[in-house]
K.L.:
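Please read through the structure below; I'll follow up with questions.
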Amino acid sequence: MNLDLVLITGMSGSGKSVALHALEDAGYYCVDNLPPELLTPFIALQHEQEAKRVAIAMDVRSGVSLPIVPQQLEALRHDGVSLRSLFLDATTDALLRRYSETRRRHPLSRQEGRTDAPEQERALIQAIELERELLADLRDGADVIDTSLIRPAQLQSYIKALISAPQSALTLVFESFAFKRGVPLDADYVFDVRMLPNPHYVPTLRPLTGRDAPVVEWLREHDDVARMYDDIEQFLSRWLDALARDHRSYVTVAIGCTGGQHRSVFLVEQLARAFGARWGALKRHRELDAI
């Protein structure tokens, strides 16, 4: 079956509509909130119509039928469908803020009215945590994107990068971030590089980033930076084959420093270049991309 299928799932308020719009712009035929019971016949219909690229959004509104989705996805892969599953996530605080700003009602909440009243906020938190439990199986095995601290334009860029990446046994996503803004929820592995020499304290390097040649040269002069790179490279090289055999499609490696500008950016750039020779490799710079 010559069909490229992207499944978008995730937390309510995490940006699924933005992701679906990005896929539509990329030429996908998009369907929002498709009931799981209709997934198999819908895909069969698309096959009859010789559709090439389809994107489907599913979320907690599908209710009691959600548990059947993982088995359906496995069956579709067995039938030869090229399937990518993306799960959008966000911290509870970020979701609370978004619901407060939009005054929208959570699909699992029975409370009406303002979400900034104490009793309304408690009810909303309970709805969010229940949704996390209901979506746990869909999150497993999907490529997770943490939208807590990124703008809609960043999310659209990330989505388009993922779907345009060459299909391989395993796609690595290297992501730089600032610890002062929190650890990304989408990270499978997190490496803390705050103990490394910091270009921030060199006046001529402070306004630059880890992608700029003067910063790259400065960091390469320090043995600790080279040792950190080697340790991360050896760890990943040792375990990536096993992860691929475990049918993992995506692995996100997050590297954090204090400000997400120099050390973490440098290491993400170097690692993505090295591993891109064998595996699919993507780069994200959470703080730099937000500028």
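When reading the values below, keep in mind they use all heavy atoms of this one structure, side chains included, and skip hydrogens, waters and symmetry mates. What you see is a predicted model; the values in this text were computed from it and never measured.
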K.L.:
Mark yes when over 12 heavy atoms from residues, nucleotides or ligands other than Tyr29 sit less than 6.0 Å from its OH; otherwise mark no.
P.N.:
no

K.L.:
Suppose we screen for side-chain hydrogen bond (donor to acceptor under 3.5 Å, both in side chains). Which residues come up paired with Ser14, at least two apart in sequence or across chains?
P.N.:
none

K.L.:
Using a cut-off of 6.0 Å, state whether more than 12 heavy atoms not belonging to Asp137 lie near its atom CG.
P.N.:
no

K.L.:
Run Asp224 and Arg227 through salt bridge (charged side-chain N to carboxylate O under 4.0 Å, His left out) and show every step you take.
P.N.:
CA-CA 5 Å; Asp224 284 349; Arg227 279 194 292 269; 2.2 Å; yes

K.L.:
Do Val60 and Ser12 touch side chain to side chain, with heavy atoms closer than 4.5 Å?
P.N.:
yes

K.L.:
Can you tell me how far the CG atom of Leu135 sits from the CG atom of Leu88, to the nearest 0.5 Å?
P.N.:
11.0 Å

K.L.:
Taking the side chain as everything from C-beta on, heavy atoms only, tell me whether Leu23 gets closer than 4.5 Å to Ile159.
P.N.:
yes

K.L.:
Looking at Asp143 and Arg284, is any side-chain nitrogen of the basic one under 4.0 Å from a carboxylate oxygen of the acidic one?
P.N.:
yes

K.L.:
Is the NZ or CZ atom of Arg286 positioned over Phe177's six-membered ring, under 6.0 angstrom from the centre and within 45° of the axis?
P.N.:
no

K.L.:
Are any of the side-chain nitrogens in Asp192 or Arg263 under 4.0 Å away from the carboxylate oxygens of its partner?
P.N.:
no

K.L.:
Looking at every heavy atom in both Ala19 and Ile8, which two are closest together, and how far apart are they?
P.N.:
CB-CD1, 4.2 Å

K.L.:
Is the shortest distance from a Lys or Arg side-chain nitrogen in Arg132 or Asp89 to a carboxylate oxygen in the other one below 4.0 Å?
P.N.:
yes

K.L.:
For Ser148 versus Thr91, what's the shortest heavy-atom pair and its separation?
P.N.:
OG-N, 2.8 Å

